Amino acid sequence: MHTEKVNIKSYSRKDLQHVVAELGEPGYRANQIHRWLFNEQVENFESMTNLGAKLRNRLSNRYVIQSCSIVKKQLDPEKKNGMGTSKFLVKLHDEQTVETVLIPAEDRNTVCVSSQVGCPLRCTFCATGYMGFTRNLNAAEMAEQVYLVNNLLTATPTNHVTNVVFMGMGEPLLNTSNVIEAIETLSDKDYSFSLPQRKITISTVGLIPQIDAIARSGIKTKLAVSLHAANQQKRASLMPVAKEHTLDGLHNALERYVDLTGKPVTLVYMLLEGINDTMEDAKSLVAFCSGFLCKINLIDYNSIVNMKFKPVETEWRDRFIRILVGAGLNVTVRKSYGTSINAACGQLALKEKTLPADRFIK
Ligand SMILES: C[S@@+](CC[C@H](N)C(=O)[O-])C[C@H]1O[C@@H](n2cnc3c(N)ncnc32)[C@H](O)[C@@H]1O
Ligand code: SF4
């Protein structure tokens, strides 16, 4: 009977322990294999020279090594660090594709990683939400998005990835265990890439049990919560998931998170004209921020073809900011990079695809 070989990269480090145990090998072999796959990034079992010919043969009879690859690049003409904001279409282990974005700045090179093919949460302002959900990415597929971009950057001496944000396609906390595994691989101190966990940010729509799980997990990454409204009714109409993961519940979870980790949370707020931008909305945001350490990151709405939302005028945004700052909050404004190539937040699924009728400008 013909059985298809499994991609060994689809296994977590723990699964690799089972793989070697089944072959009657000692546990340390799992770490050796993991190192060959993710530190040396080898493409065949023959290269795993410290395993012995017999074991290498047995592995290649059962498994294959399949990696992700970049199948399309789009570069923003505005350059920093020799490269502009760049969007990469990355082919996964099974031919599905996701988008990965490089955002170079004066002092850093940030890679925006996708965690799912599509997203099931259907936030009303996000193009990815309209793709529907296909599947979660495994840990290797997330780590490899970073390696692929890093390999391009390191072609230029002294240039490398310095920050990673899980802000690409998908909701990372619907794929928590794989995301944590990817973070552990990217930050493994024995590997040459070895990115400190504090340079990695997980962005979530605000899933309450998963925020608790992240706090308890002991990982040292940063947490960003996409808030976008501090009024329950408004938030639920923008983000359907907020009906179940309510603002009150989220506030309590963030208090617990900060208590346990000692780290502030970034609240991401996208100003949408006539929707969440009134002075009353600013005051609700101030009230939401009491009781736990946080920073506000105001972001611009990146327009999605045919969607009914509009970004606010700069003067209006400044009035909003004055209320927040006046209340003693720490506010930053994120400049949107990459809009000319549809690489900015929420634009990652944007193709020539038509959106449903309720998203058309009325
Ligand atoms: C695409 S999401 C992925 C991470 C996670 N699912 C989340 O929602 O936080 C990353 C960020 O993009 C924001 N976003 C989505 N659509 C946007 C749009 N049209 N303009 C600006 N930001 C958008 C989200 O609210 C979130 O803060
Ligand atoms: S904003 Fe995040 S959670 Fe919402 S649909 Fe987009 S990817 Fe999913």
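Since the structure is predicted, the reported quantities are computational estimates derived from the model, not experimental observations.
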Among [options], which residue meets the side-chain contact (heavy atoms from CB on, under 4.5 Å) test with [X]?
| X | options | answer |
| --- | --- | --- |
| N150 | V161, N109, L102, N159 | V161 |
| I214 | I202, V179, L207 | I202 |
| L254 | V265, I208, D259, L227 | V265 |

[X] side, atom [atom1]; [Y] side, atom [atom2] - distance, nearest 0.5 Å:
| X | Y | atom1 | atom2 | result |
| --- | --- | --- | --- | --- |
| K91 | C68 | NZ | SG | 10.0 Å |
| I323 | F320 | CD1 | CZ | 7.5 Å |
| I275 | E273 | CD1 | CD | 9.0 Å |
| R29 | L59 | CZ | CG | 9.5 Å |
| N7 | N138 | CG | CG | 7.5 Å |
| L271 | D281 | CG | CG | 9.0 Å |

Just checking, is any N or O donor in the side chain of [X] or [Y] under 3.5 Å from an acceptor N or O on the other one?
| X | Y | value |
| --- | --- | --- |
| T185 | D188 | no |
| Q96 | T134 | no |
| N297 | T332 | yes |
| T221 | Q197 | no |
| D15 | S12 | yes |
| R235 | Q232 | no |

Is there a salt bridge (charged side-chain N to carboxylate O under 4.0 Å, His left out) between D277 and R319 once you walk through the steps? CA-CA 10 Å; D277 64 338; R319 281 183 61 188; over 6 Å; no

Crowding at [atom1], [X] (>12 non-hydrogen neighbours, <6.0 Å):
| X | atom1 | answer |
| --- | --- | --- |
| Q233 | CD | no |
| K310 | NZ | no |
| K263 | NZ | yes |
| E313 | CD | no |

Where is the tightest heavy-atom contact between K234 and A229, given as atom of each residue plus distance?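 Closest heavy-atom pair between K234 and A229: CB-CB, 4.0 Å.
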
Over all heavy atoms of both residues, which pair between E181 and A139 is shortest? Give the atoms and the distance, please.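 That closest heavy-atom pairing would be CG-CB, 3.1 Å.
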
Would you say the side chain of [Y] lies within less than 4.5 Å of the side chain of [X], judging by non-hydrogen atoms?
| X | Y | value |
| --- | --- | --- |
| H34 | Y191 | yes |
| L223 | I211 | yes |
| H93 | E144 | yes |
| V113 | V165 | no |
| R35 | E40 | yes |

Salt-bridge test for R62 and E4: reply yes if a basic N is under 4.0 Å from a carboxylate O, no otherwise.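 No.
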
Does the ring centre of [Y] sit less than 6.0 Å away from the ring centre of [X]?
| X | Y | result |
| --- | --- | --- |
| F292 | H251 | yes |
| Y11 | H18 | no |
| F193 | Y147 | yes |

Just by distance, do the side chain of N175 and the backbone of S115 share a donor-acceptor pair under 3.5 Å?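 Yes; at least one donor-acceptor contact below 3.5 Å.
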
May I ask you to check if K9 and F38 form a cation-pi contact, with NZ or CZ under 6.0 angstrom from the six-membered ring centre and within 45° of the axis?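 Yes, K9 and F38 form such a contact.
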
Would you check, one step at a time, whether the test side chain to side chain contact (heavy atoms under 4.5 Å, CB included) holds for M142 with N178? CA-CA 8 Å; M142 289 183 267; N178 287 332; 3.6 Å; yes

One pair to check against salt bridge (charged side-chain N to carboxylate O under 4.0 Å, His left out): E141 and R135. What are the steps and the verdict? CA-CA 12 Å; E141 290 168 326; R135 69 167 176 90; 2.8 Å; yes

Take S67 and E43 through the side chain to side chain donor-acceptor pair (under 3.5 Å) test and state the conclusion after the steps. CA-CA 8 Å; S67 302; E43 293 293 337; 3.2 Å; yes

